Amino acid sequence: MENDLIRKELEVVLNELGAPAGAITLERPRDPSHGDLSTNVALTLAKRLARSPREIAEEIANKMDLAAAQVESVEVAGPGFLNFRLASSSVALVIDEILKDDESWGRSDVGKGQAVMVEFVSANPTGPLHVGHGRQAALGDAISCLLEWTGWVVHREYYYNDAGRQIDQLMGSVRARYRQLLGEREPLPDDGYQGEYVKDVASVLLGDVGDRYLKDDSREANDEIRAFAVKMLRDEQDRDLSDFGVHFDQYFLESSLYAEGLVDAAIQALTETGLVFEHEGATWLKTSHFGDQKDRVMVRGNGQPTYFLPDVAYHATKWERGFERVVNVQGADHHGTVDRVRAGLQALGLPEGYPEYVLHQMVRVMQDGQEVKFSKRAGSGMTLRELYERVGVDVARYFFQMRKSEAHLLFDLDVALDHSDKNPVFKVQYAHARMCSIFRKAGIDHKSVRSGAANLGLLEHDLELDLVKRLAEFTDVVKRAARDLSPHILCDYLEQAAGAANSWYHAGNPSRNPKLTVLIDDDGLRDARLALARSVQIVLHNGLTLLGINAPEKMIRADEEES
RNA sequence: GCGCCUGUAGCUCAGCUGGAUAGAGCAUCGGCCUUCUAAGCCGGCGGUCGCAGGUUCGAGUCCUGCCAGGCGCGCCA
């Protein structure tokens, strides 16, 4: 790739200068008069080399082998930037590379095949998934894909609590609704779950077992109700996620930690560190020793472990299962647990900063300027399924991914329901579909467009060159989005690439400017433009696929949808 | 009170490891339709980057203080 060639050449020159290359930033200057690509290495090296940035820049410029870097010219500008103008042959290089790589264009090997676990969603099975889980599901899946595309081997994991207090509350709620169905006047427990879904569970339970549990308040009966409710709600969550296109490699049950003695083992291991102490009848871990705000209780006065303990035990299994890198995607409301979990793991000898966290802020769904707050079924906020059944899976996934995770997400239903280019998802999908329509119109199978077949030097209009440069950035963008665990970087790019593609496409509208039409009479030019159209198609397809979104070959019009 | 996140155009948001004149979409204003699908296109208007200091050749970006909003601070999970 052109960027790589320049970067490589820069590294060679920097080594000659005795300034071993760190990461070299190549970026596209905002001002096109500054060339196609620009780097600030000279500025960043000024201090280290104790020389003026301009002087360093001049030397780099003189020593560079322009032909090797596929660069037409390099100039020193401003305080010491190096501005590159790409050789026209680089256009051909980019397009040929894209056509050759096709569905794997954009992949790289940063991760070198190392294993990484991404844990996400991890909702308790006490009710339907809501929109916040949706954001997490979309984010976690996209982050997983980004890591896969950059050479990591990803394990998607879902952890759920199938044993604790909240499950008891669920059981109590179901039991109350079940007895109500049998005519009893039993109220929902104070801390019970309000949603309609509890009645559904109770009603199915009634159909299954009749009135067997009406008077039976035994431990066995309650265990059976609990298991029934968990099973049913787990199944519902699975369906919700599966229909949302999100799948996991493993579901990890909290109860298995106890069953396999891992919680006791954690107590044992922590105790051996000497950081454990007794205070007011409880057992504490000195997590403050590792930067936590205060020490935490491990085992309560009543002998029961707090949630902290299985949490540490669980994350320790991740390390023991061979995952030296772990990314946890969680709601920001859980950020208080980050320091204490890491402290617990550090006490066990795991590295500082393990695991990594992506904390996402809340989702607010807005319509007509009003917040949509209620779902009868969930008894609280809108459920994930309610959302994507309204706006479609593609739109929902994209909206969840298009903002950086640490910012609040305003999910605007009015925009989501808009089927024009105002909706960023459709803007990108349209651009892809438009490329497909060119091939349909031409009666050509787009797969028949091959690398090296066209004279790409014929592409010389600004709109075309601009588009090619944009396409060339794709691999770097994927790397950066993966590095920062930030799918929104890719969304941003896709919108820009789609914008450039749409501009090019519309400029070539035969009624407007026949000379820019792809399907022009001149065979050579036409082939070159078809190669560009195919490249656009590949980049948009790969980008959308990475985000778990369809890249349709044809958009369905609303008036066609009716029938 | 303490901790974390956020504050950039009327609205929703980008802004990479500190780099050149702070960008996009929407809204608004002006122009353009029998199209390789106008569900669109082209152009204009619009910002003391929350405030005040500091570091630096250079700060939206880093540091300190303050202001506003969100979240978290349990022998809950």
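Values reported hereafter were calculated over all heavy atoms of this structure, with side chains retained and with hydrogens, waters and symmetry mates removed. Chain A is the first sequence line, chain B the second, and so forth, proteins listed ahead of strands; every chain is numbered from 1. Source: prediction; values computed, not measured.
Side-chain atoms of Ile267(A) and Asp264(A), non-hydrogen and from C-beta on, do get closer than 4.5 Å to each other.
Residue ring and nucleobase are not stacked for Tyr307(A) and C76(B) under a centre distance beneath 5.5 angstrom and an angle between planes beneath 30°.
Put simply, CD on Gln304(A) is 10 Å from P on C76(B), counting in whole angstrom units. Here the P atom of nucleotide U8(B) and the CG atom of Asp492(A) are 17 Å apart, to the nearest Å.
Donor-acceptor pairing under 3.5 Å, judged by distance alone, is present between the side chain of Asn83(A) and the base of A20(B).
For the P atoms, the distance linking U48(B) with A9(B) amounts to 9 Å, nearest Å. Taking atom C1' in both G69(B) and U8(B), the straight-line distance is 16 Å, to the nearest Å. Taking atom C1' on both G70(B) and C26(B), the two are 25 Å apart, rounded to the nearest angstrom.
Using bins of under 30°, 30° to 60° and over 60° for the plane-to-plane angle, the ring pair Tyr160(A)/Tyr251(A) lands in the perpendicular bin. Ring-plane geometry between Phe252(A) and Tyr314(A) is classed as tilted, the angle between the planes lying from 30 to 60 degrees on a 0 to 90 degree scale.
Nearest nucleotide to the Lys422(A) side chain, out of A20(B), C36(B), A27(B): A27(B). Relative to the side chain of Thr306(A), the nucleotides G40(B), A14(B), A77(B) differ in distance, and A77(B) lies closest. The side chain of Tyr505(A) lies closest to A38(B) when the candidates are C75(B), G25(B), A38(B).
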Nucleotide by nucleotide, 5' to 3', does protein get under 4.0 Å of the base (B), only the sugar-phosphate (S), or neither (-) in nucleotides 69-74 of chain B, counting heavy atoms?
-SBSSS

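Using a 4.0 Å heavy-atom criterion, one finds that Arg483(A) contacts the sugar-phosphate atoms exclusively. Contacts of Glu280(A) with the nucleic acid, taken as non-hydrogen atoms under 4.0 Å apart, include base atoms.
His279(A) has no side-chain polar atom (N or O) that falls below the 4.0 Å cut-off from OP1 or OP2 of C75(B). In terms of phosphate contacts, Asn509(A) brings a side-chain nitrogen or oxygen within less than 4.0 Å of OP1 or OP2 of A38(B). Remark: Arg403(A) is not in phosphate contact with A24(B), judged by side-chain N or O atoms under 4.0 Å from OP1 or OP2.
Consecutive Watson-Crick or G-U pairing (both distances under 3.5 Å) extending over three or more pairs maps onto RNA chain B as B:1-7 with B:67-73, B:10-13 with B:23-26, B:28-32 with B:40-44, B:50-54 with B:62-66.
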